[in-house]
Amino acid sequence: MKHLIDPMDLSKEELDQIITLAQDIIEHREKYQDSQRYRKLATLFYEPSTRTRLSFTSAMMELGGNVLGFSDAKSSSVSKGETVQDTVRVVGCFADVIAMRHHIEGAQLYASEVSRVPIINAGDGSHSHPTQTLTDLLTIQRELGHIDGITIGFCGDLKFGRTVHSLIKALSRYKDIKVVLIAPDELKLPDYIKQDVCDKLGIQYKEVSTMEEVMPELDVLYMTRVQQERFLDLEEFDRVKDSFVLDCAKMALAKKEMAVLHPLPRVNEILTEVDADPRAAYFRQVENGKFVRMALITKLLEWKDDPAHDMPEGEEPVYDATLRCTNAKCICNNEHAPHKFRRSDSGTLRCWYCDSKIR
Ligand code: CP
């Protein structure tokens, strides 16, 4: 069965099928209106959301299906101590597909190990957000007409920004991608993305310290919010929160056809004066999120019983009783998930669930 936990769970062909279907849905909405009648989507949100939860809900409604779930885990039996795995076993009795957001990293991967219906990761801590990635890819395709060959600048919180991590991984499926990283020292891209994704999969990247020096070369500028909720030290948050702000003066340095993306919500990293610029694509991006989730739900339900679309063959986990993941926000330190690991080509051992470096 196909789940979507990590962007790399989708082959390039599957990615293309979803993007193509989303474009067809945009052009022929009436054709899909009743296509998932009697099917049910459960949205299990353990963490706040506006866009992701409502776009999943709107997507399933537009496909003619129904939606159930919770937007606050405190109102469910999670408040009595029910585990993630038990919750998805139960909800799988009521729904055909589950979209889950969780503040604990690896929660959805752990859930998928026992689920009898497809699990969609709607964001796990600062780890991964693959349906935002599908939204971003569809938006780039629609704004520029292509994804291959782009130079994309990621700006802001590249350390905790799960949308950035997921999009860089997915871009490794495309040709001739150049990535420019624009972030304060405290919020630089984690090494595991640089090593295991950029270096291993051949994405060229460079790190710069100002937006101005790279604006003229970008096809896409991907802005992100500095996320207060991910900081343990609020003084550090105050130091970096206004590091990079996009305004009309900086937009004047950019290409005429550059697209500005932002997963939203924004705080003050894009001034509202930029909203009127035709290159500001972030509200069009929100609407694309609904269409691409319609395509994803359709494909996951179509692929559910087709072994050709099973999860990719991965490496075998490494078990070593002397080692533990030290990430306090990992599922294996919050529920009884086993401490198991994956070994990268360079020999680095990483947590199976959250990708933290073990040694
Ligand atoms: N982009 C995004 O994930 O937004 P929400 O947190 O509102 O779902």
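All values below come from the heavy atoms of this structure, side chains included, with hydrogens, waters and symmetry mates left out. In listed order, ligands and their atoms are each counted from 1.
- Comment: Glu217 does not engage Lys178 in a salt bridge, judged by the lack of any side-chain N to carboxylate O separation of less than 4.0 angstrom.
- Among the candidates Leu201, Ile168, Leu171, the single residue satisfying the side-chain contact (heavy atoms from CB on, under 4.5 Å) test with Ile177 is Leu171.
- Here the shortest heavy-atom distance to atom 8 (O) of ligand 1, taken over Pro263, Pro265, Ser49, belongs to Ser49.
- Here Thr163 has no heavy atoms under 4.0 Å from ligand 1, in either its backbone or its side chain.
- Nearest to atom 4 (O) of ligand 1 among the protein's heavy atoms is Arg51 NE, 3.0 Å.
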**Request:** Show your reasoning for whether side chain to side chain donor-acceptor pair (under 3.5 Å) applies to His127 and Asp355.
**Result:** CA-CA 8 Å; His127 185 223; Asp355 282 313; 2.7 Å; yes

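- What sits closest to atom 6 (O) of ligand 1 on the protein, heavy atoms only, is Arg101 NH1, 2.9 Å.
- Summarising the geometry of Arg266 relative to Leu271, their closest heavy-atom pair is NH1-O, 4.0 Å, with the distance given to 0.1 Å.
- Cation-pi geometry between Arg101 and Phe45 is not met at under 6.0 angstrom from the ring centre and within 45 degrees of the axis.
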**Request:** Could you walk me through whether Asp124 and Tyr353 pass the side chain to side chain donor-acceptor pair (under 3.5 Å) test, one step at a time?
**Result:** CA-CA 10 Å; Asp124 64 324; Tyr353 293 104; over 6 Å; no

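- The contact set between ligand 1 and Leu264, taken as ligand atoms under 4.0 Å from a residue heavy atom, comprises 1 (N), 2 (C), 4 (O).
- The distance from ligand 1 to the heavy atoms of Thr50 drops below 4.0 Å at these ligand atoms: 5 (P), 7 (O), 8 (O).
- Applying the 4.0 Å criterion to heavy atoms of Thr52 picks out, from ligand 1, the atoms 2 (C), 3 (O), 4 (O), 5 (P), 8 (O).
- In this structure, His129 has a heavy atom closer than 4.0 Å to ligand 1.
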